[in-house]
**Q** 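Below is a structure I'd like to ask you about.
Keep in mind that what you see is a predicted model, and the values were worked out from it rather than measured.
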Amino acid sequence: MAQDKAEKKRKRDSDRHEWPSKKPALEPQNLPPLAASVVEDDSELAPVLVNTPGLQCPKKLNLHPYLKPRNSGSLSSSGRNKGIVSTELLLQSSEHPKLDFLGREADDDADSQLKHYIAVVDPERKTWQFVEVRKMTLRGSVRRLKRDKDADEDAVSEQEEKEEDGATTSIREQRNDLTYTFGTKASRKAAQSIAENALLSNAPAGAANAAESAILSSIPAEAIEEASTKKETLQAEIQAAKPVPTANTSASHPSDVYPIDVLVPNGLSTLRQLPVKDWQDAVEAGNAITTTSRYVAHRVEAVVKSGNTTQLQILRFILILLEFARGLRRGKPTDPPGSKRLPPREDLRRILSSSPSSSSQLSDPVIDTIRRKFAPQGTVVSRTDVTFLHTTICALSLHIPPTPARDGGSSSLGGNAPNELATDPADLRDDLRLDNPTIMQYFRELGCRIDKPRETEFAKWGIKGGKVEAASRRIARLRLPLQFPKVSRGGGGGGGRR
C-alpha cells in the first residue's frame with residue numbers, strides 16, 4: 001500500500017491548463033467619422049424588416065408581395081414615407097413542402113406607431129444613410145395535406161357516403177373508434193359513458209331531461225313559485241344593502257333607471273338653486289372656465305352651447321359633490337376604520353362654492369340638504385357613506401351625454417345610442433383619486449356594462465390614436481336589462497393535499 005502511494009505523484013501546478021480569470025480587454029478601434037443622412041423616399045416598395053418569432057425561416061425562401069390600400073387613420077402620416085402610410089404589404093409563400101408562410105404589418109400594437117430604419121454604410125465615401133422600412137412579422141402554419149388519390153377505395157367510398165349524409169368525423173369519434181378496437185375494458189366503458197351523456201345532452205336549450213322532469217313533477221307548483229319569489233326578494237335585499245343609489249328595475253328606458261329625484265336631494269328644486277349663470281356668461285364671452293375637476297372642465301363648454309339648462313345644473317351639482325368628497329378630512333383614531341370627517345360649516349361653504357363671487361355662493365338650504373343625504377351621521381362620514389357619494393357621482397355622470405348638442409331630432413341623444421346611456425369613467429377616476437378597477441366596479445354595481453369603444457365611436461370619445469389607444473380605454477354603458485354583478489357564495493376555500 002505504501003509503495004502504491006509513493007508511485008502516485010501529485011501534478012505540478014504548471015502542468016495544469018488554467019484559463020484566465022478575466023477576459024482580455026479589446027483595444028478600441030479608431031473609426032473615421034461618418035456623415036449621417038436620411039433618404040427621403042415616398043416609394044411604396046420600401047425595404048422590409050422581417051421578424052420571425054418562434055420560427056426558423058429557410059434561407060432560400062421566395063416571398064410574393066401583395067399591396068393594398070391602407071385604412072385611413074391607422075398610421076400617423078407626419079414625417080413618414082407616404083408609400084408606407086398609404087399602402088399595406090402582405091408577403092406570402094407556399095414553396096415549402098409542409099409550411100405556408102405569411103407576413104403581415106402590425107397595426108394594432110404600440111410597435112406599429114414607431115418608425116423603423118436601416119442604415120446603409122459606404123466605407124469609401126465615409127457616409128451612412130438611413131432609409132425608412134416596413135416592420136413585418138412572418139409566421140408559418142402547417143399546410144393541410146390533401147388525401148392521396150390512391151388510398152383505399154373502401155375508405156374513400158365510406159367517406160363519401162358520410163359526406164352525402166351530412167356527417168363529419170371528428171377527432172373525438174376517431175379516438176372512440178381506436179378505443180373500441182384496441183382499448184381496455186375500462187377505457188371502452190368510459191367512452192361508452194361519454195357517448196351516452198352526449199346523447200342525453202342533445203335536448204334543446206333550456207329543456208329538462210328525464211331526471212329533471214321527474215324531480216320537477218314531484219314538486220308542487222306553489223313551492224317552485226315561492227322559491228323563485230324568495231330568490232328575487234333576496235337579490236333585491238342584497239342590492240338594496242349596497243351603498244349605491246336605488247335603481248328602478250321596472251324602467252322602460254335607461255334614463256329612468258336613476259332619475260334625478262333619486263340622485264339629487266329634493267330633485268329639480270335643488271338644481272334650480274344652483275348658480276350656472278357665470279358659466280353661461282363666460283362661454284358667451286369666449287373666456288375659458290377653470291375648475292378643479294377634469295370631468296367638468298372637459299364638458300362644461302359643450303353643455304353650455306347645447307342650451308340644455310338641466311344638464312348644466314347636473315354638471316354643477318357633480319362639481320359640488322366632487323368638491324364635497326375632496327374636502328373630507330381624515331378621521332380621528334377613535335372613529336370607525338375608513339371614516340372621514342366634515343370640515344366646519346364655513347369652510348364647507350367656501351369649499352363647495354368654487355367661485356369667490358357672491359352670485360356663485362351656495363345657499364344654506366342646499367348645503368344642509370347635501371349634508372343630510374351624504375353625511376347622515378353628522379360630522380363623521382363612514383366608509384359606506386363615502387362609497388355612496390362616489391357611486392352617486394358616477395350615476396349622475398350618465399345623464400351627461402358624450403357630445404351634447406342642441407335639442408332637436410336625433411341630436412337630443414347627445415351621441416348616445418337610443419337604448420343606452422354611456423360615459424367615459426377616466427376623468428372621474430382622476431377627480432376621485434381612485435384606481436381603475438375601483439371606478440369600473442362602481443359602474444358595474446350600477447348595472448353598467450364595461451367594454452371598449454367601438455371603431456365607429458372614435459370621434460365621439462376623442463380617440464385619435466386608432467385601435468392602439470382604444471384598447472386602453474373603457475366605456476361604461478347603461479342598458480336594459482340591467483346587469484348587476486353576481487353575488488359570490490363564498491364557499492370554503494379548501495386547498496389541495498399537502
**Q** What I'd like to find out is whether the side chain of Val257 reaches to under 4.5 Å of the side chain of Leu421, using heavy atoms alone.
**A** no
**Q** Heavy atoms only: give me the nearest Gly466-Phe458 pair and the separation to one decimal.
**A** C-CE2, 3.9 Å
**Q** Cationic tip of Arg316 within the cone over Trp279's six-membered ring, i.e. under 6.0 Å and within 45° of the normal?
**A** yes
**Q** Is any side-chain heavy atom of Leu398 closer than 4.5 Å to one of Phe443?
**A** yes
**Q** For Leu342, is there any backbone N or O sitting under 3.5 Å from a side-chain donor or acceptor partner on Thr379?
**A** no
**Q** Would you say the side chain of Thr392 lies within less than 4.5 Å of the side chain of Tyr258, judging by non-hydrogen atoms?
**A** no
**Q** Return the set of residues passing side chain to side chain donor-acceptor pair (under 3.5 Å) with His64 (not counting sequence neighbours), or none when no residue passes.
**A** none
**Q** With a 4.5 Å cut-off on side-chain heavy atoms, are Phe317 and Ile370 touching?
**A** yes
**Q** Using the salt bridge (Lys or Arg N to Asp or Glu O under 4.0 Å) rule, take Arg134 and Glu105 through it: C-alpha gap first, then chi angles, then the decisive distance, then the call.
**A** CA-CA 8 Å; Arg134 297 179 186 266; Glu105 297 183 63; 2.8 Å; yes
**Q** Is Ser293 reaching over with its side chain to a backbone N or O of Val296, donor-acceptor style, under 3.5 angstrom?
**A** yes
**Q** Within a radius of less than 6.0 Å around CD of Glu457, do more than 12 heavy atoms belonging to other residues, nucleotides or ligands occur?
**A** yes
**Q** Whether the Gln311 and Thr309 side chains hold a donor-acceptor pair (N or O, under 3.5 Å, no angle test) is what I'd like checked.
**A** no
**Q** Can you sort out the partners of Asp364 under salt bridge (Lys or Arg N to Asp or Glu O under 4.0 Å), two or more places apart, ordered by chain and number?
**A** Arg349
**Q** What I'd like to find out is whether the side chain of Val303 reaches to under 4.5 Å of the side chain of Asn308, using heavy atoms alone.
**A** no
**Q** Can you confirm whether Arg454 is buried at CZ, in the sense that more than 12 heavy atoms of other residues, nucleotides or ligands lie under 6.0 Å from that atom?
**A** yes
**Q** Less than 4.5 Å apart, side chain to side chain, heavy atoms only: is that true for Gln377 and Asp385?
**A** yes
**Q** Do Asp451 and Arg474 meet the salt-bridge criterion of a basic N to acidic O distance under 4.0 Å?
**A** no
**Q** Taking 4.0 angstrom as the limit, do Lys305 and Glu301 come out as a salt bridge?
**A** yes
**Q** Taking the side chain as everything from C-beta on, heavy atoms only, tell me whether Leu478 gets closer than 4.5 Å to Leu446.
**A** no
**Q** Check Arg329 against Pro344 and note the closest heavy-atom contact, atom names and distance.
**A** NH1-CD, 3.7 Å
**Q** Mark yes or no for whether Ser86, through its side chain, and Lys82, through its backbone, hold a donor-acceptor pair below 3.5 Å.
**A** yes
**Q** Are more than 12 heavy atoms, taken from residues, nucleotides or ligands other than Arg479, located less than 6.0 Å from that residue's CZ atom?
**A** yes
**Q** Is the CZ atom of Arg345 crowded by more than 12 outside heavy atoms at less than 6.0 Å?
**A** yes
**Q** Hey, does the side chain of Asp335 reach the backbone of Lys332 with a donor-acceptor pair shorter than 3.5 angstrom?
**A** yes
**Q** Is there side-chain contact between Cys448 and Arg477, with at least one heavy-atom pair below 4.5 Å?
**A** no
**Q** Keeping Arg473 on the side-chain end and Trp461 on the backbone end, is there a donor-acceptor pair under 3.5 Å?
**A** yes
**Q** Using the side-chain hydrogen bond (donor to acceptor under 3.5 Å, both in side chains) rule, pick out the option among Asp435, Thr438, Asp424, Asn436 that qualifies with Arg429.
**A** Asn436
**Q** Looking at Ala426, is its backbone amide N or carbonyl O close enough to the side chain of Tyr295 to form a donor-acceptor pair, meaning the two atoms are under 3.5 Å apart?
**A** no
**Q** My understanding is that only residues two or more places apart in sequence, or in another chain, count here; which of them pass side chain to side chain contact (heavy atoms under 4.5 Å, CB included) with Arg326?
**A** Thr292, Glu323, Asp431, Arg433
